[in-house]
Amino acid sequence: MIQIENLKKTYQTSTAVEALRGISVQIEDGDIFGIIGLSGAGKSTLLRCIALLETPTEGRILIDGKDISSLRGRELTQHRKQIGVIFQGYHLLMQRTVFANVAFPLEIAGAGKAEIQQRVTELLELVDLADKADSYPSQLSGGQRQRVAIARALANNPQVLLCDEPTSALDSFTTKSILDLLQDINRKLGVTIIIITHEIGVVKQICNRVAVIEAGLFAEQGTAADILAAPQSIAAKQLIGIGGAL
Amino acid sequence: MAGFFAKYAPLLLKGLEETLYMTLLSTLLSYLLGLPLGVLIYATKEGGIHPHRCIHRVLSWVINTIRSIPFIILVIALAPVSKLIAGTSIGPNSSVFALVVAAAPFVARMVESTLEEMDIGVIEAAKTMGATDLQIVTKVLLPESVPSLVRGLSISAITLIGYSAMAGAVGAGGLGDIAVRYGVHRYQEKVMYLTVLLIVGIVQIIQSSFNLAARQIDKKNR
Ligand SMILES: Nc1ncnc2c1ncn2[C@@H]1O[C@H](COP(=O)(O)OP(=O)(O)OP(=O)(O)O)[C@@H](O)[C@H]1O
Ligand SMILES: [Mg+2]
């Protein structure tokens, strides 16, 4: 279970940017939790805080009751392995093959050759890319690259998979196949998924719960069914309206 | 013409050999020093993977200072130390120390700017997988930058050929020395032009073979 308590993040640039202004939420094990909002609302910032890439200015993030926002050094590095992250831009290692990309997190965790061979094969089968093991990322389509990124993020058996707009660069057909894969992973492996998006379609397709973020605050949160059927906040109405109009 | 070649071939061959020796050895040593320095200055910058203001400032200052001294002056200024290290003040070995002192900061900056081009997202992705700072350097930054580093290597080697010719003029031997001795002191321009031709040839070969190698290695743009 992930509990976020009054999370605030202010970026100190020439002016102070309050990207998160007090977010509180509880995400249960096995949820596919959508966070939807317009550009600049603070979605990525929130995800980066949970991914331990950003230190919150205030508030706490608890995973199974343990406060992770104050971790430093070795403990921080260790804890990151329990959280998988995928990004809109994939961020694969371009000089490594698909196989070696998926092997990367295992390598740095000190796994042996045989273990790596077995686990990577398993993961590539899971994401349906067994035949691309020896290809390089530059030889793959966007959807295939995202599959590699998903396999890589799952390598260390994380409890949580964080996804920052994983389908925003993909066409609708590829988007659907990636979302199906994420749902499959959620069901088969029981991984909790937090998915950030600005497309209401993503929420419709796979989320069981959703929060609408606007200007660093949650405008509303609840089950996906409720919010899709009867949005209360203006932000949610806008997003659903936009989604419906398309 | 045949007589001319017969007369000067051994001289030019020796010069060529000395130039290649100086360039090769000093390139190797400058990378041994410059590569870690480049990584260090990249990693310690503000917002880098391991920020450290003090180390970054000192390194930056030292590198800038050395780089602002014209090479010919550096060679002369370092002559006593060079002699101490090489045990002689003439011949190719006598110049290597000065060449490395001049080239290592150059290499460090080159490595730094190569690493700067690296996509920050890839580094962050590695972090989320639990990579330590050292692992990020050895398993992400350097391997991902190999094609650019190879291109940088050719630039450094070519710069060092130029430097070695200057060092040659003050006693280190090599093609630069021959060009100065015959072209300037003895008015035998033919010999001088021949050395220039040889240097141009080396530079072309280095440039095209390194470009080819970089293209072969690079898996990103295919
Ligand atoms: N590193 C940073 N330094 C300063 N300000 C930042 C930084 N990162 C984000 N911000 C600011 O914080 C706010 C929230 O940004 P964030 O990236 O979280 O938005 P987002 O909801 O992910 O937007 P998008 O849909 O465009 O990705 C924005 O106003 C942005 O300009
Ligand atoms: Mg974003």
Side-chain angles (χ1 to χ4, degrees), chain A residues 12-13 44 47-48 50-54 71 73-98 100-111 134-140 148-149 151-156 158 160-164, chain B residues 35 38-39 42-53 55 111 114-153 210-222:
Chain A
Q12 290 301 342
T13 50
S44 295
L47 184 113
R48 292 170 58 81
I50 307 172
L52 303 167
L53 286 171
E54 214 79 70
L71 296 178
R74 205 183 150 71
E75 233 189 338
L76 173 67
T77 320
Q78 280 308 314
H79 204 88
R80 278 177 167 149
K81 292 180 183 158
Q82 298 174 32
I83 301 172
V85 191
I86 60 170
F87 305 88
Q88 180 180 347
Y90 325 121
H91 301 330
L92 300 176
L93 297 160
M94 300 306 280
Q95 307 295 342
R96 281 181 174 234
T97 61
V98 165
N101 262 284
V102 181
F104 178 82
L106 301 166
E107 260 174 48
I108 59 175
D134 296 323
S135 300
Y136 286 92
S138 57
Q139 299 165 320
L140 303 181
V148 178
R152 183 175 72 168
L154 293 175
N156 281 322
V160 187
L161 183 62
L162 306 175
C163 317
D164 191 352
Chain B
L35 189 69
V39 171
Y42 168 85
T44 54
K45 74 164 181 209
E46 205 184 327
I49 60 171
H50 200 109
H52 195 296
R53 213 202 198 112
I55 294 179
V111 169
T114 298
L115 299 182
E116 291 287 356
E117 275 165 35
M118 179 90 197
D119 179 7
I120 188 80
V122 178
I123 296 166
E124 285 192 335
K127 269 192 201 170
T128 66
M129 289 175 259
T132 61
D133 292 343
L134 190 65
Q135 283 172 328
I136 288 175
V137 170
T138 58
K139 288 189 170 279
V140 179
L141 281 173
L142 293 177
E144 287 292 297
S145 307
V146 165
S148 316
L149 287 172
V150 168
R151 289 190 192 96
L153 183 58
F210 276 70
N211 279 354
L212 185 72
R215 225 173 315 133
Q216 288 293 317
I217 300 167
D218 198 352
K219 303 291 188 263
K220 194 170 178 177
N221 307 309
R222 47 177 59 193

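Every chain is numbered from 1, with letters handed out A, B, ... down the list of sequences.
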Atom group of A:Leu92 that falls short of 4.5 Å from chain B, counting heavy atoms
backbone

A:Leu52 versus chain B, the contacting section by heavy-atom distance below 4.5 Å
neither

Of all the heavy-atom pairs spanning A:Glu107 and B:Lys139, show the shortest one and how long it is.
OE1-NZ, 2.8 Å

Could you grab the distance from atom CD1 of B:Ile136 to atom CD1 of A:Ile108, nearest 0.5 Å is fine?
8.0 Å

Which one, A:Pro105, A:Gly84, A:Pro137, leads in non-hydrogen pairs under 4.5 Å with chain B?
A:Pro105

Can you tell me if A:Gln95 uses its side chain to pair, donor with acceptor, with the backbone of B:Lys219 under 3.5 Å?
yes

Flag yes if more than 12 heavy atoms outside B:His50 fall under 6.0 Å of its NE2 atom; otherwise flag no.
no

Segment of A:Arg74 engaging chain B (4.5 angstrom heavy-atom cut-off):
neither

Pair B:Thr128, A:Ile83 - check side-chain contact (heavy atoms from CB on, under 4.5 Å), show working.
CA-CA 7 Å; B:Thr128 66; A:Ile83 301 172; over 6 Å; no

Show the numbers, then the answer: is there a side-chain contact (heavy atoms from CB on, under 4.5 Å) between B:Met129 and A:Arg80?
CA-CA 6 Å; B:Met129 289 175 259; A:Arg80 278 177 167 149; over 6 Å; no

Chain A contact via B:Glu124 - side chain, backbone, both or neither, heavy atoms under 4.5 Å:
both

Portion of A:Phe104 that has a non-hydrogen atom of chain B nearer than 4.5 angstrom
side chain

